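Heads up: the structure comes next, in structure tokens.
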Amino acid sequence: MINIKEDEKLNILNHSCAHLLAQAVKHLYPNAKFWVGPVISDGFYYDIDLGDDVIKEEDLPKIEKEMKKISKDGKRIVRHEISKAEALEMFKDDPYKLDLIGNMDENETVISCYTQGDFTDLCRGPHVESVKLLKHFKLLKVSGAYWKGDANNKMLQRIYGVCFDSEEGLNEHLALLEEAKKRDHKKLGKELELFMMSEYGPGFPFFLPNGMILRNELENFWYQEHTKEGYQFCKTPIMLSKELWERSGHWDHYKDNMYTSMIDDREFAIKPMNCPGGILVYKNSLHSYKELPIRLGELGQVHRHEASGALNGLFRVRTFTQDDAHIFCTMDQLESEVVNLIAFIDRIYKIFNLKYTIELSTRPETGYIGDLETWNRSEDALKKACLASGHDFKINEGDGAFYGPKLDFHLIDSLGREWQCGTVQLDMNLPERFECTYIAEDGTKKTPVMLHRVVFGSIERFIGILIEHFAGNFPLWLAPKQVVIIPVHHENHLAYANKVKEALANINVRVSIDDRNEKLGYRIREAQIHKIPVEVVVGDNDRDNNQVTVRRFGKKEELKLSLDEFVNSIKLEIENKELPH
């Protein structure tokens with residue numbers, strides 16, 4: 001799926017179409033006032049104050065019709081530059097534009113606006129030359145949005161849309177959006193009984209029995225793979241004193257998003273991240289250079305107070321489990337450690353058939369800690385590690401944390417959508433703040449380099465991504481229900497069905513028998529609805545020949561195998577973590 005915001009041509013086209021939308025709304029709703037209309041990854045939106053009027057989904061075709069009428073009229077889009085005083089006069093009756101003007105940089109004496117026919121709006125641009133170029137668009141939905149995202153402010157109406165330079169491009173994009181709707185992890189999570197949300201805990205997901213199987217498989221896999229890579233594991237408390245968070249610096253940056261409580265007249269905070277706890281584990285004992293690198297892994301549950309309007313299924317929650325690790329090494333070990341990390345992350349993502357790109361975020365222009373030489377050396381080590389591992393990368397200039405540069409891994413799912421998940425972050429701040437040391441070869445105490453890293457990002461969010469990536473058709477090893485056995489007739493075939501079940505249960509396959517008093521076709525359809533990867537139908541021939549008739553989810557073809565062949569094939573498929581057939 002194309003990221004419209006990052007495609008220069010489509011970005012300009014969609015921003016221009018946002019103005020076309022605003023002009024059409026102004027024609028139909030003369031009292032409308034407009035806040036902002038930015039381009040987003042899958043199109044654009046405009047936030048609108050309609051006073052007492054309300055736009056519903058069924059009103060969107062009427063607005064589209066007016067947009068097409070304006071487009072056919074073919075007016076040029078003209079840029080004007082005016083003074084701040086002129087802008088204040090031009091928009092004196094529009095509180096939203098006056099707010100935008102009032103918040104502009106004091107040095108910004110010239111303000112640009114764009115006019116198309118009878119409509120003028122503040123805008124930095126750029127735009128297409130004429131509204132006649134805005135032909136292939138679609139309004140997608142309407143929702144509410146607080147002015148400036150503040151729940152204390154007025155609720156505005158937000159209209160979403162998308163624009164392409166061809167009808168073919170628009171239709172392809174709309175088809176992908178429809179497919180994305182079918183794959184929505186909230187919808188499939190409910191249908192497959194994986195997780196639920198409750199009004200008693202907004203943003204705090206409940207994992208149901210099926211979801212816990214999937215989650216446990218994922219976490220067991222995480223532990224197994226990290227053990228192979230020489231990680232040790234720890235578990236740090238979920239609540240720690242305010243003093244710790246002040247020392248780490250998180251209190252200054254995160255206190256508004258932290259949950260706190262008084263205990264014995266002392267203020268404590270539920271952890272928003274695992275790093276300080278990991279450092280305390282490192283400091284629990286003395287370390288020699290011979291021990292480094294030390295790799296400490298933790299599946300640590302954290303809590304962050306996200307705005308209620310931002311909550312979104314498993315993608316945006318108020319509690320989640322980071323698949324964290326903190327690596328303590330010497331500067332000389334840094335490059336080789338990052339090379340190993342990239343190879344490790346690459347191996348993990350390939351298991352799920354997830355491609356990715358890497359982005360290197362470099363030193364901020366101001367506010368960073370440490371000397372330039374250390375920063376340059378650190379950034380150079382990350383660059384060399386990427387190239388040494390055979391991966392190209394994009395530089396995100398100046399977007400590193402104040403304490404060090406980082407590598408971000410952007411996953412690309414089966415619909416071509418990007419998800420930022422894995423991170424390798426170099427930290428030159430916390431080890432010094434907490435006086436972390438190791439005994440160097442010359443007997444002196446030195447400060448280790450610290451790497452923060454996650455692979456999944458968060459277990460919850462990664463599960464949401466996997467639900468949509470696989471459309472609920474999970475690989476056999478992950479599927480909550482792996483095999484269902486369907487006897488044709490209860491009386492004649494149940495005993496053999498139990499024999500097949502026992503053979504599978506002996507190799508720890510999650511298997512059940514559907515012997516309900518329902519027609520065969522109904523039970524087969526039920527297995528398909530629940531996306532069970534393997535259906536085994538047993539009838540007379542199967543029983544008499546010690547075989548099974550196998551059908552895979554989503555396939556019409558049937559395969560007949562001896563029972564031993566079938567059991568061995570299932571065992572190998574699970575052990576090899578094969579992708580869905």
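On a predicted model such as this, the values are computed, not experimentally measured, just so you know. Basis for what follows: all heavy atoms, side chains included, without hydrogens, waters or symmetry-related copies. Note that the numbering runs from 1 along the sequence shown for the chain.
Using a 4.5 Å cut-off on side-chain heavy atoms (C-beta onward), Arg461 and Cys421 make contact. Side chains of Tyr438 and Thr330 form a contact here, defined as non-hydrogen atoms less than 4.5 Å apart. Residues Phe221 and Ile348 meet the side-chain proximity criterion, which asks for heavy atoms closer than 4.5 Å. Side-chain contact between Asn210 and Lys481 is present, with at least one heavy-atom pair separated by less than 4.5 Å. For the pair Leu214 and Phe207, the minimum side-chain heavy-atom distance is 4.5 Å or more. Looking only at side-chain heavy atoms (C-beta outward), Phe344 and Arg453 come within less than 4.5 Å of each other.
The aromatic ring centres of Tyr223 and Phe233 sit less than 6.0 Å apart. Checked against the 6.0 Å centroid criterion, the rings of Tyr254 and Trp245 do not qualify as a close aromatic pair.
By the 6.0 Å contact criterion, CD on Glu365 is open, its count of non-hydrogen atoms from other residues, nucleotides or ligands being 12 or less. Other residues, nucleotides and ligands contribute over 12 non-hydrogen atoms within 6.0 Å of the NZ atom of Lys148. Taking a 6.0 Å sphere around NZ of Lys571, one finds it holds 12 or fewer heavy atoms contributed by other residues, nucleotides or ligands. By the neighbour-count criterion of 12 heavy atoms within 6.0 Å, atom NZ of Lys186 is densely surrounded, having more than that number from other residues, nucleotides or ligands. Shown here is Lys190, whose NZ atom has no more than 12 heavy atoms of other residues, nucleotides or ligands within 6.0 Å. Residue Leu572 qualifies as enclosed at atom CG: its count of foreign heavy atoms under 6.0 Å is above 12. Within a 6.0 Å sphere centred on NZ of Lys235, heavy atoms belonging to other residues, nucleotides or ligands number more than 12.
The structure places CG of Leu176 at 7.5 Å from CD of Glu172, a figure rounded to the nearest 0.5 Å. Here CE of Met450 is found 10.0 Å from CD1 of Ile327. Values are rounded to the nearest 0.5 Å. The distance from atom CG of Leu407 to atom CD of Glu379, rounded to the nearest 0.5 Å, is 10.5 Å. Rounded to the nearest 0.5 Å, atoms NE2 (His15) and OH (Tyr46) are 7.0 Å apart.
The closest donor-acceptor contact from the side chain of Thr321 to the backbone of Gln301 lies at 3.5 Å or more, if one exists at all. Of the possible polar contacts, one joining the Arg318 side chain to the Glu306 backbone as a donor-acceptor pair under 3.5 Å is found. Side chain of Asp323 to backbone of Val454: no donor-acceptor contact under 3.5 angstrom is found. The main-chain N or O of Leu10 is found under 3.5 Å from a side-chain atom of Asp7 such that the two form a donor-acceptor pair. In this structure, Thr423 contributes its side chain and Asp408 its backbone to no donor-acceptor pair below 3.5 Å. Side-chain atoms of Asn257 come within 3.5 Å of backbone N or O of His305 as a donor-acceptor pair. Side-chain N or O atoms of Glu337 include none that pairs as donor or acceptor with a backbone N or O of Val339 at under 3.5 Å. Under a 3.5 Å cut-off, the side chain of Asp413 and the backbone N or O of Arg417 do form a donor-acceptor pair. Side-chain atoms of His469 do not come within 3.5 Å of backbone N or O of Ile465 as any donor-acceptor pair. Side-chain atoms of Asn396 do not come within 3.5 Å of backbone N or O of Asp399 as any donor-acceptor pair.
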CA sep, side-chain torsions, deciding dist, call: Glu229, Arg347, salt bridge (Lys or Arg N to Asp or Glu O under 4.0 Å):
CA-CA 12 Å; Glu229 295 291 320; Arg347 189 173 85 243; 3.1 Å; yes
Mind running side-chain contact (heavy atoms from CB on, under 4.5 Å) on Val511 and Val534 for me, showing each step along the way?
CA-CA 10 Å; Val511 56; Val534 181; over 6 Å; no
Output, in order, the C-alpha distance, side-chain angles, deciding distance and verdict of salt bridge (Lys or Arg N to Asp or Glu O under 4.0 Å) for Glu298 and Lys271.
CA-CA 13 Å; Glu298 177 181 13; Lys271 62 180 179 180; 3.2 Å; yes
As a quick check of understanding, evaluate salt bridge (Lys or Arg N to Asp or Glu O under 4.0 Å) for Lys406 and Asp427, giving each step before the final call.
CA-CA 9 Å; Lys406 62 175 181 172; Asp427 192 340; over 6 Å; no
Run the side-chain contact (heavy atoms from CB on, under 4.5 Å) test on Phe195 and Leu314 for me, step by step, so that the C-alpha distance in whole Å, both residues' side-chain angles and the decisive distance to 0.1 Å come before the verdict.
CA-CA 9 Å; Phe195 69 94; Leu314 297 179; 3.7 Å; yes
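Figure legend: Lys531 and Phe553 shown without cation-pi pairing, the cationic atom not lying both under 6.0 angstrom from the six-membered ring centre and within 45 degrees of its axis.
Ring orientation note: the planes of Phe352 and Trp477 are tilted relative to one another, at an angle of 30° to 60°. Note on ring orientation: taking the six-membered ring where Trp is involved, the planes of Phe462 and Tyr349 are parallel (angle under 30°, cut-offs 30° and 60°). Taking the six-membered ring where tryptophan is involved, the planes of Tyr259 and Phe204 are tilted, since the angle between them lies from 30° to 60°. By the 30° and 60° cut-offs, the orientation of the rings of Trp147 relative to Trp35 is perpendicular.
Under the 3.5 Å distance criterion, with hydrogens and angles disregarded, a donor-acceptor pair is assigned to the side chains of Asp442 and Thr444. Side-chain polar atoms of Tyr356 and Asp346 form a donor-acceptor pair below 3.5 angstrom.
Here side-chain hydrogen bond (donor to acceptor under 3.5 Å, both in side chains) pairs that include residues 276-290, with residues two or more places apart or in two chains, are His287-Glu291. For residues 208-219, every residue pair satisfying the salt bridge (Lys or Arg N to Asp or Glu O under 4.0 Å) rule, not counting sequence neighbours, is listed here: Arg215-Glu219, Arg215-Glu460, Glu217-Arg510.
Arg552 has a carboxylate O that lies under 4.0 Å from a charged side-chain N of Glu573, or vice versa, which qualifies the two as a salt bridge. Ion pairing between a basic and an acidic side chain is recognised when a charged N comes within 4.0 Å of a carboxylate O; Glu225 and Lys577 show no such pairing.
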